[in-house]
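Down below is the structure, laid out as structure tokens.
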Amino acid sequence: MTDRPRRARRVQLSTPGSSEKMIQKASESKADHVFLDLEDAVAPSQKRDARKKIIEGLKTLNWKGKTRCVRINDLTTEYAYEDIIEIVEGAGEHLDTIMMTKVQTAADVLFADKLLHQIEKKLKMKRKIGLEALIEEVEGMQNVDSIAACTPRLECLVFGMGDFSASMGVTNRNVGETDGYPGDIWHYARFRLIMACRAAGIDPVDGPFADFKNPDAYREECKRSMILGCVGKWAIHPSQIDIALDVYSPKPDDIARARKLEKAYAEAEAAGLGAINVDGIMVDVASIRILRNTILNKADLYGL
């Protein structure tokens with residue numbers, strides 16, 4: 001385990017890097033994480049120009065309280081290495097993380113890790129740029145454990161169910177939907193990715209839900225991934241931001257209860273007791289660990 005920066009990722013807002021208007025709106029949104037996109041949201045003819053718009057936006061807009069991320073093109077394209085070099089050399093300290101796409105092996109992440117190391121050394125940067133990786137191919141999911149643990153620079157894995165559906169041959173009408181499958185079609189993939197993340201000490205994040213006019217279904221997908229252990233989900237439209245913030249944030253009553261139980265157990269432990277009864281609930285060291293990991297740590301991170 002290493003000391004990685006603790007960042008809020010309750011909602012990762014997808015923002016086309018080719019649109020100055022949308023970049024500005026993203027900076028003014030409630031999202032605690034924004035990724036400016038150079039990949040699917042940008043036409044090939046606009047990719048190089050989009051880099052300039054992203055750099056300008058990162059350097060001139062107010063991103064206070066947000067994780068500032070840029071999603072690059074995948075390593076099979078002609079754009080990826082220049083995406084990293086131009087964005088990091090141009091934005092420098094105004095950038096927090098780079099999101100890699102279609103990661104298939106640990107070697108993909110290590111390529112970006114080494115390249116970033118060289119750029120940071122050249123620029124004499126005071127802090128490292130973090131990496132986030134999209135798992136959206138069958139090969140990537142098969143290698144998810146080694147990917148998650150490959151470098152201390154990696155902070156987060158995202159389950160990209162859109163391309164994953166294509167890679168698997170899954171039949172669904174819209175990205176993120178189940179289309180009548182009896183149960184949660186994404187359960188195994190989510191669970192596998194979350195377990196790899198938790199073992200490596202990094203954040204698991206759930207991917208997009210395309211039908212932004214169906215807020216109830218989006219909320220349900222947020223709840224399913226949150227219960228399994230995801231810290232947040234993508235928003236492909238601003239209307240999804242409030243829903244994700246609500247679902248992935250612990251509620252005031254739960255925080256108050258958790259703090260009460262933690263205090264009671266600390267007092268009991270000081271008195272030499274190993275387990276206690278609080279309002280008819282048995283509380284022991286395992287209970288406190290659950291409360292700390294699922295409620296209290298989040299409350300501290302989000303300032304709740």
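No hydrogens, no waters, no symmetry mates; every other heavy atom, side chains included, goes into these values. All values derive from a computational prediction rather than experimental measurement.
- The number of heavy atoms from other shown groups lying within 6.0 Å of NZ (K223) does not exceed 12.
- Residues L157 and L131 share a hydrophobic cluster, clusters being chains of Ile/Leu/Val/Met/Phe/Trp/Tyr side chains in contact below 4.5 Å.
- We find that D279 and R257 are not joined by a salt bridge, their nearest charged nitrogen and carboxylate oxygen being 4.0 Å or further apart.
- A single hydrophobic cluster is not seen to contain both L134 and V138; linkage of ILVMFWY side chains at heavy-atom distances under 4.5 Å, directly or through other members, places them apart.
- Judged purely by atom type and a 3.5 angstrom limit, K114 has no side-chain atom pairing as donor or acceptor with the backbone of A112.
- Taken together through direct or relayed side-chain contacts under 4.5 Å among Ile, Leu, Val, Met, Phe, Trp and Tyr, L115 and M125 form part of one hydrophobic cluster.
- Judged by distance alone, the side chain of D74 and the main-chain N or O of T101 form no donor-acceptor pair under 3.5 Å.
- For R224 and E221, the salt-bridge test passes: some basic side-chain N is under 4.0 Å from an acidic carboxylate O.
- A salt bridge links R48 with E78: at least one charged nitrogen is closer than 4.0 Å to a carboxylate oxygen.
- Ring planes of W234 and F35: tilted class, angle from 30 to 60°.
- K47 places a side-chain N or O within donor-acceptor distance of the main-chain N or O of E39, the cut-off being under 3.5 Å.
- Remark: D203 does not engage R7 in a salt bridge, criterion side-chain N to carboxylate O under 4.0 Å.
- Formation of a donor-acceptor pair under 3.5 Å by the Q12 side chain with backbone atoms of V205 is not found in this model.
- Panel note: side chain N143, backbone E139; a donor-acceptor pair is recorded below 3.5 Å.
- The closest donor-acceptor contact from the side chain of D254 to the backbone of P250 lies at 3.5 Å or more, if one exists at all.
- One N or O on the side chain of W63 and one on the backbone of G57 form a donor-acceptor pair closer than 3.5 Å.
- The existence of a salt bridge linking D113 and K128 is excluded, since no basic side-chain nitrogen approaches an acidic carboxylate oxygen closer than 4.0 Å.
- If you chain together hydrophobic residues whose side chains sit under 4.5 Å apart, V231 and I295 never meet in one group.
- Within the 3.5 Å criterion, the main-chain N or O of V11 finds a donor-acceptor partner in the side chain of D32.
- In E20, the CD atom is not crowded: 12 or fewer heavy atoms of neighbouring residues, nucleotides or ligands sit closer than 6.0 Å.
- Other residues, nucleotides and ligands contribute only 12 or fewer heavy atoms inside 6.0 Å of the CZ atom of R289.
- Counting heavy-atom neighbours within 6.0 Å of H117 NE2, excluding the residue itself, gives a total of 12 or less.
- I290 and I288 fall into different hydrophobic clusters, where Ile, Leu, Val, Met, Phe, Trp and Tyr are joined by side-chain heavy atoms under 4.5 Å apart, directly or via other members.
- A donor-acceptor pair under 3.5 Å is absent between the side-chain atoms of E155 and the main chain of E132, judged by distance alone.
- Using a 4.0 Å cut-off between a side-chain N of Lys or Arg and a carboxylate O of Asp or Glu, K122 and E89 qualify as a salt bridge.
- In this structure, M141 places its CE atom where more than 12 heavy-atom neighbours from other residues, nucleotides or ligands lie under 6.0 Å away.
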Q: List the steps and the verdict of side chain to side chain contact (heavy atoms under 4.5 Å, CB included) for L123 and E93.
A: CA-CA 10 Å; L123 300 180; E93 300 290 343; over 6 Å; no

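- Side-chain atoms of S165 never come within 3.5 Å of backbone atoms of V170 as a donor-acceptor pair (strictly under, hydrogens ignored).
- Ion pair D300/R292 flagged as a salt bridge, since at least one NZ, NE, NH1 or NH2 atom sits closer than 4.0 Å to an Asp/Glu carboxylate oxygen.
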